[in-house]
4 protein chains.
Amino acid sequence: MMNRVVLVGRLTKDPDLRYTPSGAAVATFTLAVNRTFTNQQGEREADFINCVVWRKPAENVANFLKKGSLAGVDGRLQTRNYEGQDGKRVYVTEVVAESVQFLEPRNSGQPRTGNNDFYGGSQGNQGNPFSQNQNQRNQGYTRVDEDPFSNDGQPIDISDDDLPF
Amino acid sequence: MMNRVVLVGRLTKDPDLRYTPSGAAVATFTLAVNRTFTNQQGEREADFINCVVWRKPAENVANFLKKGSLAGVDGRLQTRNYEGQDGKRVYVTEVVAESVQFLEPRNSGQPRTGNNDFYGGSQGNQGNPFSQNQNQRNQGYTRVDEDPFSNDGQPIDISDDDLPF
Amino acid sequence: MMNRVVLVGRLTKDPDLRYTPSGAAVATFTLAVNRTFTNQQGEREADFINCVVWRKPAENVANFLKKGSLAGVDGRLQTRNYEGQDGKRVYVTEVVAESVQFLEPRNSGQPRTGNNDFYGGSQGNQGNPFSQNQNQRNQGYTRVDEDPFSNDGQPIDISDDDLPF
Amino acid sequence: MMNRVVLVGRLTKDPDLRYTPSGAAVATFTLAVNRTFTNQQGEREADFINCVVWRKPAENVANFLKKGSLAGVDGRLQTRNYEGQDGKRVYVTEVVAESVQFLEPRNSGQPRTGNNDFYGGSQGNQGNPFSQNQNQRNQGYTRVDEDPFSNDGQPIDISDDDLPF
DNA sequence: TTTT
DNA sequence: TTTT
């Protein structure tokens, strides 16, 4: 059994950093990876690949990457499933990054700032970032959403069960 | 931009072989890849990764692999989305295999037989396998289903637009 | 910076297990990886790739793999150089395996036996396997040899400096 | 059998472009890939990995990459051997790049210039770049050199036998 | 100086 | 909705 993924692409948004109840950092982000070939209409499409990274590299990701950053990911493919809000099972395939490489030229290397800034954390997650969202059944570390990677500032349920090691 | 996936695992079912209107072969299968680590309960889990393969290797897959076969896949990650039957967008991440390796010992190498046999193709797809399924909006090469990998013998809509090259 | 190698092939010989002075296990082996294409003469050639693995997986390799075993390697490419016996610098490129997968069917999974047996270790390396080979300048974990992977039963100098972590 | 390598690193020199007798382009270059970890002395070392690329991508490499360029390589590991000038067999492990990615920011994307310029090609290889180097037995596409990747402007023997497909 |  |  082998499972290896290597990607280079650009973040579609600022990464999202959270913590499990036991304090482990988790960052999620989506990498847009342009295809090397064009489709029948001559357009170059992209794949949008959801990535998760844990612990120290999660904090590095949150500190050094932002929307548009060029990054490399070395990791493994993971599948999960959870019950969607309509009661249907939702299947998710994502990349668990074991290492993330910052491929921007030096000068873009300073900690990111702006609305979504990791240091200044504010709106949406004030107080306990894990204040339970009572009226939803959860499985896995994301709210039961159409797209588990979109969480629009709402509290999210991250379990220590998802720690990869 | 780089995008590379390498997997070794076992098929969860016999592969599924289809043809586009223009005659290109497509096989889909799911690889169960056991994790190298155990979870909090000490169980070894697996990831179930959907794979697609086109043209000649698709026919090889259909001829030589079956449920339980050990196989290696070298390919790339692809994302697609389509409108689910409830009108919601469904996001799919799968592996487009560029090469598939048969890792079973020699003697298991004879063409597979049985209900799902590639040669004897029968129920469900008799006649034109691409007889349009009129009352469904389609996008991508699968019927608008909750899970594009489950198609329970129904006609399926595979477009030549999905050919990777 | 990224560096990832994934291989599946067969061992050309029994693996070679040694220990550093501080007691860390190192196994070396060569993987024959058949090419998927044939040359101008219609022959299918192979690449012969030297691999190194450290610590616990080194002992697993020594215990479970032997000449002819099918194995998967996930690791990184490493380059080293040392002074050859003629005083010329020798450049070496090899794979440092981070994980090694045993791809043989179950029944071939018992610990290997025979002349080169890991347990019964005998001729050549009796006594201290690290008895220094005084009259040779060494660099890297192998004797200054034309080919660091050939050591024909002679004592070898493995330094803890080569530990990858 | 599987064989996959993915690298991101920087060119140690301008790439070297040549042509086989039948007119196929071949570029060679070395990628310095910094390690993610430091050695016992706390220094971050690098691996220096020789890469070969054929045909159209070879010309792109020659046109767009130069010493110091950040590049990604997706390919396979290949081994060759040839008789060195002292009559001893020399073993070479290198990466055959199937695709090469230019990871520099936009503005560095103009064709490279300078002494080694692909367009203005001059000293060393004037006339027939494959004027045979009579007094050397050759095997593989490089002159029998200590380091097959160093060729200091001398004619080189590249055979069409080395075409990967 | 190579594996099935 | 899973493989050995």
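All figures in this text were calculated on a predicted structure; none of them were measured in a lab. First the proteins, then the strands, lettered A, B, ... as listed; each starts at 1.
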Checklist line | Those residues that, when tested against C/N60, pass side-chain hydrogen bond (donor to acceptor under 3.5 Å, both in side chains) (two or more places apart) | finding: none
Checklist line | Closest to the C/A32 side chain, choosing from F/dT3, E/dT3, E/dT2 | finding: E/dT3
Margin query: Output the rounded distance in Å from CG (C/L65) to P (E/dT4).
Written below: 13 Å
Next item on the list: Go through E/dT4, F/dT3, E/dT2 for me and flag the one nearest to the B/R10 side chain.
Entry: F/dT3
Check: How close or far is atom P of E/dT2 from atom NZ of C/K13, stated in whole angstroms?
Finding: 10 Å
Notebook entry, point to check: For C/D16 and E/dT2, what is the distance between atoms CG and P respectively, to the nearest whole Å?
Noted result: 18 Å
Notebook entry, point to check: Whole-Å distance between E/dT3 C1' and C/L70 CG?
Noted result: 10 Å
Checklist line | Pair D/E98 + B/R4, salt bridge at N-O below 4.0 Å | finding: no
Next item on the list: Would you kindly give the CG-to-P distance between A/N3 and F/dT4, to the nearest whole Å?
Entry: 19 Å
Margin query: Without decimals, in angstroms, what is the distance between B/N50 CG and F/dT3 P?
Written below: 14 Å
Checklist line | Residues B/R89 and B/N81: side-chain donor-acceptor under 3.5 angstrom | finding: yes
Check: Does the pair B/E104/B/R10 count as a salt bridge with the N-to-O cut at 4.0 Å?
Finding: yes
Next item on the list: Mind calculating the distance between NZ (B/K67) and P (F/dT4) to the nearest angstrom?
Entry: 6 Å
Notebook entry, point to check: For C/G68, which contact category applies under a 4.0 Å heavy-atom criterion: base, sugar-phosphate, or nothing?
Noted result: sugar-phosphate
Note to self: Rounded to whole Å, how long is the line connecting atom CG of B/L31 with atom P of F/dT4?
What the structure shows: 12 Å
Margin query: Of the listed nucleotides (E/dT4, F/dT4, F/dT2), which one gets closest to any side-chain atom of B/N34?
Written below: F/dT4
